[in-house]
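Proteins get letters first, then strands, A, B, ... in listed order; numbering begins at 1 in each.
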Number of protein chains: 2
Amino acid sequence: MSDQHSPLRAKRRAETQRVIQAHAVRLFTERGYDATTVTDVAEAAGVSPMTVYRHFPTKEDLVLVDQHARLVAERIVASSAAQPLVRRIGGALIDSAAMLTGGGHGDNLTADRRFLLARLRLMISTPALRAKHLDNHYALQQAIVDALGNDAADSDAAFRAQVAASACLAALHTALVRWAEDDGRTELPDVIAKALAAAFGDDIVEPTGGVNTSEPIGRAERR
Amino acid sequence: MSDQHSPLRAKRRAETQRVIQAHAVRLFTERGYDATTVTDVAEAAGVSPMTVYRHFPTKEDLVLVDQHARLVAERIVASSAAQPLVRRIGGALIDSAAMLTGGGHGDNLTADRRFLLARLRLMISTPALRAKHLDNHYALQQAIVDALGNDAADSDAAFRAQVAASACLAALHTALVRWAEDDGRTELPDVIAKALAAAFGDDIVEPTGGVNTSEPIGRAERR
DNA sequence: CTCGTTTTGATAGTGACTACCAATATGATA
DNA sequence: TATCATATTGGTAGTCACTATCAAAACGAG
């Protein structure tokens, strides 16, 4: 609606969303998610509760904004169909994570990463947020399967694609939890690669047959 | 509280729970989950809304009663620690599924299976239910990791256990979806075995090295 | 048959969320 | 610059899930 006609309005809109979300995550972290009402968030952000609901359809969305899906799907379709499924998916997940955590410049990187960590911690510790986040992963799974572009006719291949995608996303989620527990000190793509290796074997994630089982050393620079 | 002192009261209580849940699943299936209020369920079951909330803490629990966790955890601790992680977990999941779907006798089997399928379909198609169900799986994952009994000291082994458990449960969920899509015509343990094989390789699920890749024929009678 | 416990019910309240409608701000145009 | 279409915001009232709190009723055990 707005981002089509006027880029100025879109920018203003994105800014208010950012402000609201920042106050929300701060309050949720300080007082707890359930103890904080949407009205509290609105007050802190200096807007009315209606405005909050207009920008974020549910209270959970104040924490769970994910455009992650598009990123991953694009990398899936760009990957070679000759590779095994888990490698195609795993590679896309690692690359997307590298893009998310390494995208900032200079000091912004730290702030962005801290904000991402704060949201992640909320997601993990709050049941309602965790549930909706896992369901978002389920939607991402469907997007991945679609992006893999298998024949819809071969239902057996479709099933294998579903299994591969769900298992890879499960590994991703476990990696995210681990990363949050480490306060983001480790490199997220490395943790994801480690999780994928633990699930599917060390040979599946790195085609260039390295022998390092526990600690991948190199940068997560692939393709 | 009640199930300790008087078995008669426990039986009455279980019966009312069963009645309420049956009406709930029926109404949810007929009118849709969101379009059915808890008051509607209470009316249909002939009780007050308060009584519904006393037996089922949330509306979602009217569909999602799972004691599945205990079953799986028991089989995990009973499994041999010498086997690889995914085999221990996968075997427990398959056995528990066999117990859930094959437990009935005679005609009861059909009714129970139909009820299970109805709940499963609701779980898959309703976002709120799907989210909470996936979160239940997350709790089950923790139970599995605990049951595996790894050293809490070795954080790397703990991480591998988390990854293995989450990936196995992801495969289980995909299998459940597939089973529901087939209207329960296939054998659930076989579908789960197939999903695990698709995720981790055909050799991991059946130690007796069969060569049948696609369709496991034998009963899921293991150990 | 009575007593203590369990179960149930009614009332009032909170908070997330959704219409619906009015007011305001804003960017583009005459 | 003044105006206009439109985007954005705010207020009101209402629904529904869910939670106290307290009283009434049912029920098994003595």
_Rounded interatomic separation in angstrom, taking CD1 from B:Ile20 and C1' from C:dT7_ = 11 Å

*Could you tell me the separation between the NZ atom of A:Lys59 and the P atom of D:dC18, rounded to a whole number of Å?*
14 Å

*asked:* Starting the side chain at C-beta, find the nucleotide from C:dA10, C:dA16, D:dG10 nearest to A:Met50.
replied: D:dG10

*asked:* Please report the distance, rounded to the nearest Å, between CG in A:Asp34 and P in C:dT14.
replied: 17 Å

*asked:* Please determine whether a side-chain nitrogen or oxygen atom of A:Arg13 lies at a distance below 4.0 Å from atom OP1 or OP2 of D:dT8.
replied: yes

*Toward the 5' end of DNA chain C, which comes first, B:Thr51 or A:Pro57, by nearest nucleotide?*
B:Thr51

*Taking atom C1' of C:dC20 as reference, at what distance in whole Å does atom CZ of A:Arg54 sit?*
10 Å

*Select base, sugar-phosphate, or nothing to describe what B:Thr58 touches, counting heavy atoms under 4.0 Å on all strands.*
sugar-phosphate

*Integer-rounded Å distance: C:dG9 C1' and B:His55 NE2*: 12 Å

*5'-most contact on DNA chain D: B:Arg12 or B:Tyr33, nearest heavy atom basis?*
B:Tyr33

*List the steps, then state whether side-chain hydrogen bond (donor to acceptor under 3.5 Å, both in side chains) holds for B:Ser155 with A:Arg178.*
CA-CA 10 Å; B:Ser155 101; A:Arg178 169 65 154 233; 3.2 Å; yes

*Can you check the A:Lys132 NZ to C:dA16 P distance for me, whole Å?*
14 Å

*Aromatic ring pairing B:Tyr33/B:Phe28, orientation class (parallel under 30°, perpendicular over 60°, tilted between)*: perpendicular

*salt bridge (Lys or Arg N to Asp or Glu O under 4.0 Å) between B:Arg160 and B:Asp156, intermediate numbers included*: CA-CA 6 Å; B:Arg160 274 195 294 271; B:Asp156 206 59; 2.8 Å; yes

*Quick one: CE on B:Met50 to NE2 on B:His55, what's the gap to the nearest 0.5 Å?*
10.5 Å

_Can you classify the ring geometry of A:His133 versus A:His173 as parallel (below 30°), tilted (30 to 60°) or perpendicular (above 60°)?_
tilted

*In terms of side-chain heavy atoms of A:Thr37, which of D:dT19, D:dG10, C:dA16 is nearest?*
C:dA16

*Nucleotide D:dC16, atom C1' - distance to CD of B:Glu43 in whole Å*: 15 Å

*Would you mind classifying the nucleic acid contact of B:Pro49 as base, sugar-phosphate or nothing, using non-hydrogen atoms under 4.0 angstrom?*
nothing

*To the nearest Å, give me how far apart CD (A:Glu15) and P (D:dT9) are.*
12 Å

